[in-house]
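Please read the structure below before turning to the comments.
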Amino acid sequence: MDEPMPYDERDESSGQFTPEFTDGDFLAALSDRDGATTTEVADAVGCKYRTAHARLTKLEGRGEVNSRKVGNSFLWTVSE
């Protein structure tokens, strides 16, 4: 069975798909907590684990969130 893509509509001018979830959705899921695992963020946003991990990694690359490895999980926090 094919997994649905995390996109909801195509932008008419650019032809690119518009993400269903915004960066703000992920930041909001973290701002309500003093750290959250990827699974907790995915559950809060309502997306797949893979989508949450990819978006959080992107946000970390831009310096908006931090992560640290705790056991087998990543613990994500909003950057100060």
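In what follows, every heavy atom counts, from backbone to side chain, and hydrogens, waters and symmetry copies are set aside.
- A distance-only check finds a donor-acceptor pair linking the side chain of Glu60 to the backbone of Ser67 [under 3.5 Å].
- The shortest side-chain heavy-atom distance between Arg68 and Val70 falls under the 4.5 Å cut-off.
- Remark: Lys48 NZ to Phe21 CZ distance equals 10.0 Å, nearest 0.5 Å.
- In this structure, Glu64 and Leu27 have side chains that are in contact, with non-hydrogen atoms separated by less than 4.5 Å.
- Atom CZ of residue Phe26 and atom OG1 of residue Thr51 lie 6.5 Å apart, to the nearest 0.5 angstrom.
- Atom-to-atom distance recorded for Thr37:OG1 and Asn72:CG is 12.0 Å, nearest 0.5 angstrom.
- Proximity of Asp23 to Leu59: side-chain heavy atoms (C-beta onward) are separated by under 4.5 Å at one or more points.
- Residues Thr77 and Gly35 approach most closely at CG2-CA, 3.6 Å, considering heavy atoms.
- Using a distance-only test at 3.5 Å, with no hydrogens or angles considered, a donor-acceptor pair links the side chain of Asp25 to the main chain of Thr22.
- Closest heavy-atom contact between Ser31 and Val78: N-CG2, 4.0 Å.
- Surrounding CZ of Arg62 are more than 12 heavy atoms belonging to other residues, nucleotides or ligands, all under 6.0 Å away.
- Atom CG of residue Asn66 and atom CH2 of residue Trp76 lie 9.5 Å apart, to the nearest 0.5 angstrom.
- Across every non-hydrogen atom of Ala44 and Ala29, the tightest pair is CB-CB, 3.9 Å.
- Shown here for Glu40 and Arg33, the closest heavy-atom pair between the two residues is O-NH2, 4.3 Å.
- Note: Lys69 NZ to Phe74 CZ = 4.5 Å, rounded to the nearest 0.5 Å.
- Annotation: the span from Leu56 atom CG to Leu30 atom CG amounts to 6.0 Å, rounded to 0.5 Å.
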